[in-house]
Chemist: 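Here it is, the structure, as C-alpha cells.
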Protein chains: 2
Amino acid sequence: MSTYFHYIPTQNVKSINKHAVLDLIRFTPGGISRVQLAQRMSLTRAALTVIVNDLMESGVIRETNSRLSNAGRPAITLEINPQSGFVAGVDMGATHLSILIANCAAHVIAEKEVPFNIADGPTVCLDRADSLLRETASQAGIELSNLLAIGVGVPGPIMSEAGMVVAPPIMPGWDRYPIRASLEKRWNCPVSLNNDAELGAVGEWAYGAARSAANLAYIKVGTGVGAGLLLDGHIYRGATGSAGEIGHLTIDPNGTLCTCGNRGCLETFASGTAIARMAREAVVKNQPTQLSQFERDRITARNVADAARRGDLTAQQIIAEAGAQLGVALAGLVNLINPNMVVVGGGVAQIGDLFLEPVRREVKRRSLPGSVNTMQITTALLGRRSIGMGALVQAISIALHRIADEKNLN
Amino acid sequence: MSTYFHYIPTQNVKSINKHAVLDLIRFTPGGISRVQLAQRMSLTRAALTVIVNDLMESGVIRETNSRLSNAGRPAITLEINPQSGFVAGVDMGATHLSILIANCAAHVIAEKEVPFNIADGPTVCLDRADSLLRETASQAGIELSNLLAIGVGVPGPIMSEAGMVVAPPIMPGWDRYPIRASLEKRWNCPVSLNNDAELGAVGEWAYGAARSAANLAYIKVGTGVGAGLLLDGHIYRGATGSAGEIGHLTIDPNGTLCTCGNRGCLETFASGTAIARMAREAVVKNQPTQLSQFERDRITARNVADAARRGDLTAQQIIAEAGAQLGVALAGLVNLINPNMVVVGGGVAQIGDLFLEPVRREVKRRSLPGSVNTMQITTALLGRRSIGMGALVQAISIALHRIADEKNLN
DNA sequence: ATAAATAGTTAAAATGCTTGACAAAGTTTA
DNA sequence: TAAACTTTGTCAAGCATTTTAACTATTTAT
C-alpha cells in the first residue's frame, strides 16, 4: 500500500514528464538517449521526441557527439547544456563558510572557503556569505546577477516552506530568522535553504559515493554530529524538519555533561570537539603523546588526526574510541533505517580508516545481520565538498526546472 | 528536491486517479463529496463526475444518504460500498494467532484468537492459520471462496516482492520459506504479506490513534520489540525490508546477555519476556511482592501487570523500569525520525500509563525540544487489533483496486 | 417568492499521449 | 560491395482524459 494519495493534476502531465526527463538526464552519468529514457519512463519513443525537442528549444539540454551503438542506428546521448547558466552553492558550517560556483552541469568553476563562526548570528554571517559570494563570483568572472539560483546549507533543522531554522541546537540567534527571504532579497534570485547534512546526502547521492542509492544516510561528523537521510529516493525531513539530529542520542547515561543538558550524548564522544577534549584530557594526565607539544587549550581535532597518522598511539586510541562510539550510534541507525549505504563526511571523517574502521566494527557487531550484510559504510567521496555539491544540486534543480517551465508557458 | 524520478506512464492516468479517489474515500472518516475530492486532487468537478461514475458502476463505492450543506445545494457524500465483498486479516504473532473477517468498509464481522507458537515453523503454523481462518469464516457465515483478498502479518523482516521473510531474528525455520505463494495457493486468493509492526502502523494510521499522521512510528512491545514506520505518508521498509528492527539496539553495553549474542539490547529491558524475567529475579531476591504467590518459572508479564495495577510496588517498579528503558530507545528514534506521533502497541502496552508515563518522561528528557514538543506518544487505540486491522487495510486495498481495474478493462 | 450559493452534469475543445508507418544511420551477412 | 538487418528517431492520425464553460439541481438567506 502507499497510504499516500497519488493523483495526477492533469494540467501538468507534460510538465511532470519534462521534469522527470530533465532529472534522468542530470543524474545519469554519461548521459542517456531518447530510447533509454522511453524505457525508464514507460513512454513511447514518439512521446520522448516531443518532450526532448521541447527541452532542447528551451536550451536546457543538448545532444552530445558520442554515438554509441551495438547494432543498428546509434543512439544520440543527451546531456545538460553547460551553457544554460550559472548557480552557486553555499555551505555555512559551524566554523567554516565555503562557496562553490558552477554551471548547470555541476562543473565547478570557482571555489572559496574561509573560517567562520555561525554563533555570530544572522546579520554578521549573512553579510560574510554575501561578500564571499561576490568574491567567488568575481574570481569566476561572472556577475552576481548572472546566477540563476543559489543553494544554501546551514547546520540546523529547517522549516522548508518558511525558509528558516527552528529551535536549532547550535546557531544561537538564528531561531526563526527569515534566512531565505533575506538572501533572496539580497541576491535577487531564488534561494533554496536546506539542512547541511541533508545536502551532504544529496551531494553524495548525485555525484559521490552513493550514486543513486535509494536509502542513504550521510553522517556529518564535524564540530557536532548530524545525519542527512535519503529514504526511498526522497529527502526525509521528518515532521518538523529535525530528522537526523543524532548528535544528542544518549550513548552513556553516566557520561560527560553535554551542552544540551544531558549526559553522554553522542557529540560528547564522537565530534571534533570531543576528540579535542579527549586529547586535552590525555595531556593533562601526562599520557605519552606528541600532543603535549601544543599549548594545551589550543589542541584541535586536526592536531590529533595528524599525530595519529604519524603513529602517535594515544592519538590513535582517542580517534578509535570516537569511531567506536559513533559506531554504537550508527548501529542503532542501521537497525532502524536499514539503509543501502552510510556515508561518513565532515571534518573528522577526513581522518580516514583510522576513524572509520572502528565505526564499521561496532556497526557490524551491533546490527542485525540482515541489515548489515548488504550495506556499505564509506567516507564521503566528495570530501569537504559534499555539502556544497548538494547545495549546487538544489540550485541547479531550481534553475533548470524554471527554464524548462518558462518555455512551457509560451 | 525529490531525487526521485516522478513520471507518468500515461496509459493509466485515469486508473491512477481512480485509485487515488478510492483511497481518499476509504480513509476520510465520514466520507467525502465530489467537490471535496476535486479540491484535494486539483482536478475539476467535471473530471470527478466521470471518475466517480466509473467507480459506482463497478460497485466499489456508493452515495450515502447524508446531505450536509451550509448554503447552496448540499453535497452528496460518497463511501465505500460495504457490499463489495469480504476480506480477512491474519495476525501471526510470536505466541498468538488472530484473525479478523470484515467487509470492504473495514467493518469486522467475525474475529478469533488462539495461542500459537511461531517457532513451530511454517508447515505447522500455516496449517493452523488455515484452520482458524476456516473457523472464523464459518462463524461469519461466509465461504472461504468469498474472500476477495487476505492480509497477513508476521514478526519478521519481509522481502515484499518475494513474499517471504529473510533472516528473521525470531521465526526459526521460516527463512526464505515461500509464505505468500503457499497461502495464495491454499486460499486461492491474493495475499498481502507484511511485517507485523508495519501493519500496526498502517492500522493505527487508518482507523486508530494516528489517523492520517504523515510521520508515524508504531512500537510493538510484546514478546519482542519492533517498530513499524510510516514516513511522509508511505510505509518505510528500508533497503532489505528490515527497517524498524529496534529490539536489538544496544541500551547498556554491560547489560544482560541477549539471545542475539550482544549485551543489553532493548529487548532485555523492555519486552514481555524481560518484564517476566525481572519479576522472577525479584522473587528470587525475596523482594516483597504479590508475585511470590506464583510458581516462579511461570510468572508472565501479564501477572506483573495485574499485580502492578493492584498496587504492588515491586511490580510497578519493574514496569516503570521497562518503560524508562524503552523511552531511552524511543528518544533515539524521535531524534532520528522526528515523527508526528509514536503509537505504542502490543501486549505490554495494554498495561497503560503505568508503562507509558516513564516512556514519555525519558523521551521528553532525551529528545530535542524541537522534535518532542510537537509530538505525541499514545497507546494503540485499536489495542490488540492494530495489526489485524492493518492487515485488513492491505487486503481491502487489493480487493477494491482489483474490482476498480476490472471494470476499467471493459 | 426570489436571489444567492453551492453541487453536480454535459458537450465541445484542448492536451498529450499511443499507434503505426517511415526515414535515418549504423552493423552484419552474403 | 551490396543487400539485409537492426535500432533510433520522427511524423501524422487517432484516442484517452482532462478542462472549459454553460447548464441544471437543490439548498439557505432575504
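Lettering follows sequence order; numbering is per chain, from 1. As the structure is a computational prediction, the values presented were derived from the model and not from experiment.
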Chemist: So, is A:T44 close to the C:dT18 phosphate, meaning a side-chain N or O under 4.0 Å from OP1 or OP2?
Modeler: yes
Chemist: On DNA chain D, compare the nucleotides closest to B:A47 and A:L48; which residue's is nearer the 5' end?
Modeler: A:L48
Chemist: Which of the following nucleotides, C:dC17, D:dT17, C:dT9, is nearest to the side chain of B:V13?
Modeler: D:dT17
Chemist: It should be established whether A:R45 places a side-chain nitrogen or oxygen under 4.0 Å from OP1 or OP2 of nucleotide D:dG9.
Modeler: no
Chemist: Check the distance between D:dG9's P and A:I61's CD1 and give it to me in whole angstrom.
Modeler: 12 Å
Chemist: Of B:V50 and A:V50, whose nearest nucleotide on DNA chain D comes first from the 5' end?
Modeler: A:V50
Chemist: Listed by chain and number, what are the side-chain hydrogen bond (donor to acceptor under 3.5 Å, both in side chains) partners of A:Q36, not counting sequence neighbours?
Modeler: A:S33
Chemist: Given atom NE2 of A:H19 and atom P of C:dG16, what is their separation to the nearest angstrom?
Modeler: 12 Å
Chemist: Can you measure A:I16 atom CD1 to C:dG16 atom C1' for me and round it to whole angstrom units?
Modeler: 12 Å
Chemist: Between A:E204 and A:R385, does any NZ, NE, NH1 or NH2 come within less than 4.0 Å of an OD or OE carboxylate oxygen?
Modeler: no
Chemist: Among C:dT18, D:dT19, D:dG9, which is the nearest nucleotide to the side chain of A:A75?
Modeler: D:dG9
Chemist: With sequence neighbours excluded, what pairs up with B:S160 under the side chain to side chain contact (heavy atoms under 4.5 Å, CB included) test?
Modeler: B:R237
Chemist: Base, backbone or nothing for each nucleotide of nucleotides 25-30 of chain C, written B, S, -, heavy atoms under 4.0 angstrom, 5' to 3'?
Modeler: BBS---
Chemist: Applying side-chain hydrogen bond (donor to acceptor under 3.5 Å, both in side chains), name anything that partners A:Q83, two or more places apart in sequence or on another chain.
Modeler: none
Chemist: Name all residues meeting the side chain to side chain contact (heavy atoms under 4.5 Å, CB included) criterion together with A:T64; count only those two or more places apart in sequence or in a different chain, and write none if there are none.
Modeler: A:S66, A:T77, A:E79
Chemist: Measure the distance from CG on B:D54 to C1' on C:dT10 and round it to the nearest whole Å.
Modeler: 16 Å
Chemist: When the distance from CD of B:E63 to C1' of C:dT9 is rounded to whole Å, what number comes out?
Modeler: 12 Å
Chemist: A:N17 side chain: which of D:dG9, C:dC17, C:dG8 is closest?
Modeler: C:dC17
Chemist: Measure the distance from CG on A:L78 to P on D:dT8 and round it to the nearest whole Å.
Modeler: 13 Å
Chemist: Considering residues at least two apart in sequence or located in another chain, which fulfil the salt bridge (charged side-chain N to carboxylate O under 4.0 Å, His left out) criterion with B:R180?
Modeler: none
Chemist: Any idea which of C:dA11, D:dC11, C:dC17 is nearest the A:A46 side chain?
Modeler: D:dC11
Chemist: Please enumerate all residues that pass side chain to side chain contact (heavy atoms under 4.5 Å, CB included) together with B:R211, with sequence neighbours excluded.
Modeler: B:P29, B:Y207
Chemist: Report the distance from atom CZ of B:R34 to atom P of D:dT26, rounded to the nearest whole Å.
Modeler: 13 Å
Chemist: Can you name the nearest heavy-atom pair linking A:C104 to A:A399, along with the distance?
Modeler: SG-CB, 4.1 Å
Chemist: Does B:Q376 have any side-chain hydrogen bond (donor to acceptor under 3.5 Å, both in side chains) partners at least two apart in sequence or in another chain, and if so, which?
Modeler: none
Chemist: Do A:N188 and A:S145 have side-chain atoms, one donor and one acceptor, less than 3.5 Å apart?
Modeler: no
Chemist: Find the bend of the helix from C:dA1-D:dT30 to C:dA30-D:dT1 as the angle between its two terminal axes (five pairs each), to the nearest 10°.
Modeler: 0°
Chemist: Counting only side-chain heavy atoms from C-beta out, which of C:dT18, D:dT8, C:dG8 sits nearest to A:V35?
Modeler: D:dT8
Chemist: Rounded to whole angstroms, how far apart are CG on B:N53 and P on C:dA11?
Modeler: 13 Å
